[in-house]
Amino acid sequence: MAVTSEPESRATADDAAASVAVVTVTYSSGDYLRRFLQTLKTATDRPVQVVIADNGSTDGAPERAAAEHDSVTLVHTGGNLGYGGGMNRGIAEVDPDVEFVVLSNPDIEWSPGALDELLAAARRWPRAGALGPLITEPDGTVYPSARRVPDLVSGTGHALLGAVWKSNPWTAAYRDHDAELTERPVGWLSGSCLLVRRAAFDAVDGFDARYFMFMEDVDLGDRLAKAGWLNVFVPAASAMHAKSHSVSRHPERMIAAHHDSAYRFQADRHPGARWAPVRWGLKSGLAVRKKLAVSAALRRQRADASHTEQEG
């Protein structure tokens with residue numbers, strides 16, 4: 001077990017011998033982290049160094065994990081840096097000679113052999129900068145984790161209408177609903193569980209830390225593709241995502257972050273004076289939708305709390 005807080009520190013030199021490391025970002029992740037580490041043992045036969053980049057947990061879970069597992073390095077980031085910022089900080093702990101790094105939420109549960117399947121696919125696709133597994137939800141539903149990069153029209157249509165008109169054509173195109181579950185290059189892959197080639201990740205300077213949460217994976221996949229790398233979906237590997245324990249606790253913060261990130265993604269790709277009216281319209285529309293979505297989420301949260309109290 002190791003605990004570090006300084007940017008210049010590294011995981012031990014012995015870990016460099018492994019071809020893969022795993023980085024996860026925690027924020028009071030509780031028992032999810034225990035299940036993550038437990039199922040990771042079945043995902044590969046290789047020795048794996050795990051780096052936990054902790055964004056300010058108060059539940060003691062990261063410290064317990066580091067104490068119980070010799071392969072775990074705990075990094076205190078010094079504050080809540082968000083997902084991308086926390087990942088960048090954690091990856092800085094991994095020896096640069098480690099060829100592949102898994103980036104994962106702590107609420108992922110691995111299927112047996114899943115990581116080995118991803119590594120095998122990486123050998124088949126030498127230009128793959130990122131590879132993602134088939135991701136399921138707790139009820140077994142397949143999550144659309146391999147998607148197209150949203151353009152201005154499809155991205156705006158999905159952002160404004162996705163919650164109220166789920167079958168709209170822009171959301172369908174964005175989520176790539178009709179695509180078969182075959183191994184193939186895609187626009188981008190869910191950052192909830194992702195294998196990256198370290199050379200590719202470093203070549204695009206990692207995650208853009210301006211994205212506190214959400215869309216950082218879309219941005220990463222888009223930048224990898226523009227730099228000549230592939231994003232490859234590998235459905236032979238699978239993992240279950242318990243999904244959004246932090247979102248459910250703080251819907252007002254997470255919904256706001258989602259809308260802000262959606263705006264940033266399109267604004268970055270449409271700079272300059274001629275796009276200013278489009279950016280203004282998008283920002284105004286998202287601001288209205290954000291307000292409505294936060295209000296609805298808080299009403300549901302209050303109703304659930306009231307229902308729980310009545311049952312108690």
Side-chain angles (χ1 to χ4, degrees), residues 1-5 11-12 14-15 18 20-87 89-91 93-94 98 100-119 132-141 143 145 190-196 213 217 237-250 254:
M1 180 270 289
V3 180
T4 64
S5 57
T12 63
D14 289 342
D15 302 325
V20 62
V22 175
V23 179
T24 189
V25 176
T26 53
Y27 185 71
S28 295
S29 301
D31 201 47
Y32 288 110
L33 181 60
R34 182 188 66 82
R35 285 291 299 158
F36 172 79
L37 294 171
Q38 184 180 58
T39 60
L40 178 62
K41 293 178 182 178
T42 71
T44 180
D45 294 329
R46 300 165 187 261
V48 176
Q49 172 70 15
V50 178
V51 176
I52 298 173
D54 184 63
N55 271 344
S57 295
T58 58
D59 62 355
E63 289 78 11
R64 284 193 296 274
E68 293 171 0
H69 299 274
D70 292 338
S71 60
V72 168
T73 298
L74 174 58
V75 181
H76 293 294
T77 67
N80 192 352
L81 306 184
Y83 189 71
M87 271 295 173
R89 177 66 184 85
I91 291 170
E93 292 295 316
V94 177
V98 174
F100 297 102
V101 183
V102 172
L103 320 178
S104 182
N105 284 7
D107 51 2
I108 284 288
E109 293 188 12
W110 295 87
S111 295
L115 181 48
D116 284 336
E117 290 281 2
L118 289 173
L119 290 166
L134 175 72
I135 295 175
T136 60
E137 300 189 26
D139 64 359
T141 302
Y143 177 73
S145 61
S190 172
S192 63
C193 187
L194 195 63
L195 177 73
V196 297
M213 278 194 75
D217 45 8
S238 65
M240 189 274 283
H241 188 196
K243 289 192 69 177
S244 304
H245 56 281
S246 59
V247 173
S248 61
R249 289 201 308 263
H250 306 291
M254 298 300 102

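As the structure is a computational prediction, the values presented were derived from the model and not from experiment.
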(message) Thr39: which residues meet the side chain to side chain contact (heavy atoms under 4.5 Å, CB included) condition with it, sequence neighbours left out?
(response) Arg35, Glu109, Trp110

(message) For a quick check under 3.5 Å, do Asn105 and Tyr83 share a side-chain donor-acceptor pair by atom type?
(response) yes

(request) Answer yes if the side chains of Ser145 and Ser190 hold a donor-acceptor pair under 3.5 Å, and no otherwise. (result) no

(message) Could you check whether any side-chain N or O of Ser104 sits under 3.5 Å from a backbone N or O of Ser192, counting only pairs where one atom can act as donor and the other as acceptor?
(response) yes

(request) Could you tell me whether the side chain of Asp217 and the main chain of Gly191 form a donor-acceptor pair under 3.5 Å? (result) yes

Could you state the interatomic distance from [atom1] ([X]) to [atom2] ([Y]), rounded to the nearest 0.5 Å?
X      : Y      : atom1 : atom2 : answer
Leu103 : Leu195 : CG    : CG    : 8.0 Å
Ser111 : Glu117 : OG    : CD    : 10.5 Å
His241 : Thr136 : NE2   : OG1   : 10.5 Å
Cys193 : Leu134 : SG    : CG    : 10.5 Å

pair [X]-[Y]: side-chain heavy atoms closer than 4.5 Å:
X      : Y      : value
Val20  : Leu119 : yes
Gln38  : His69  : no
Val102 : Val23  : no
Thr24  : Phe36  : yes
Ile135 : Met240 : no

(message) Given Glu93, which partner from the list Leu74, Ile52, Val51 fulfils the side-chain contact (heavy atoms from CB on, under 4.5 Å) test?
(response) Val51

(request) Start with the C-alpha gap between His76 and Arg89, add the side-chain angles, then the distance that decides, and say whether side chain to side chain contact (heavy atoms under 4.5 Å, CB included) holds. (result) CA-CA 9 Å; His76 293 294; Arg89 177 66 184 85; over 6 Å; no

Tell me the closest heavy-atom pair linking [X] and [Y], and the distance in Å.
X      : Y      : value
Gly56  : Tyr27  : O-CE1, 4.1 Å
Ala21  : Val94  : CB-CG1, 3.8 Å
Ala239 : Ile108 : CB-CG2, 3.9 Å
Ser238 : Ala114 : O-CB, 3.3 Å
Gly30  : Ala61  : O-CB, 3.7 Å

Test of understanding: with side chain to side chain donor-acceptor pair (under 3.5 Å), list the residues that count as partners of [X], not counting sequence neighbours.
X      : value
Asp139 : Thr141
Thr26  : Asp54
Thr44  : Asp116

(request) Check step by step if side chain to side chain contact (heavy atoms under 4.5 Å, CB included) holds for Val25 and Asn55. (result) CA-CA 7 Å; Val25 176; Asn55 271 344; 3.4 Å; yes

(request) List in chain and number order the residues that pass salt bridge (charged side-chain N to carboxylate O under 4.0 Å, His left out) with Asp31, two or more places apart in sequence or in another chain; answer none if no residue qualifies. (result) Arg34

(message) My understanding is that only residues two or more places apart in sequence, or in another chain, count here; which of them pass salt bridge (charged side-chain N to carboxylate O under 4.0 Å, His left out) with Arg64?
(response) none

(request) Apply side chain to side chain contact (heavy atoms under 4.5 Å, CB included) to Thr73 and Val50, showing your working. (result) CA-CA 6 Å; Thr73 298; Val50 178; over 6 Å; no

